[in-house]
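Structure, as structure tokens:
Residue numbers start at 1 and run along the sequence shown. When reading the values below, keep in mind they use all heavy atoms of this one structure, side chains included, and skip hydrogens, waters and symmetry mates.
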Amino acid sequence: MNGASLIILVALVAAVFLALRYVYREKKKGNACIGCPYAGSCHKQDECEGERKDISRASR
């Protein structure tokens, strides 16, 4: 394994670690919809407020 491959591997592992840590922290806060702009106002339902709005628009 050369130096460039090692750097790429370390960067990939770091990116996956940071993504998993973000998901864990958001779930620990109680956000039902991670990444949704309405995540803080959701009431831990199956779907986020923003997703319901998008679905209702699509069904018209």
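A continuous path of Ile, Leu, Val, Met, Phe, Trp and Tyr side chains, each step under 4.5 Å between heavy atoms, connects V13 with L6, placing both in one hydrophobic cluster.
The distance from atom CD1 of I34 to atom CZ of R25, rounded to the nearest 0.5 Å, is 12.5 Å.
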Take S5 and I8 through the test side-chain contact (heavy atoms from CB on, under 4.5 Å) and record every step on the way to the result.
CA-CA 5 Å; S5 296; I8 291 171; 5.8 Å; no
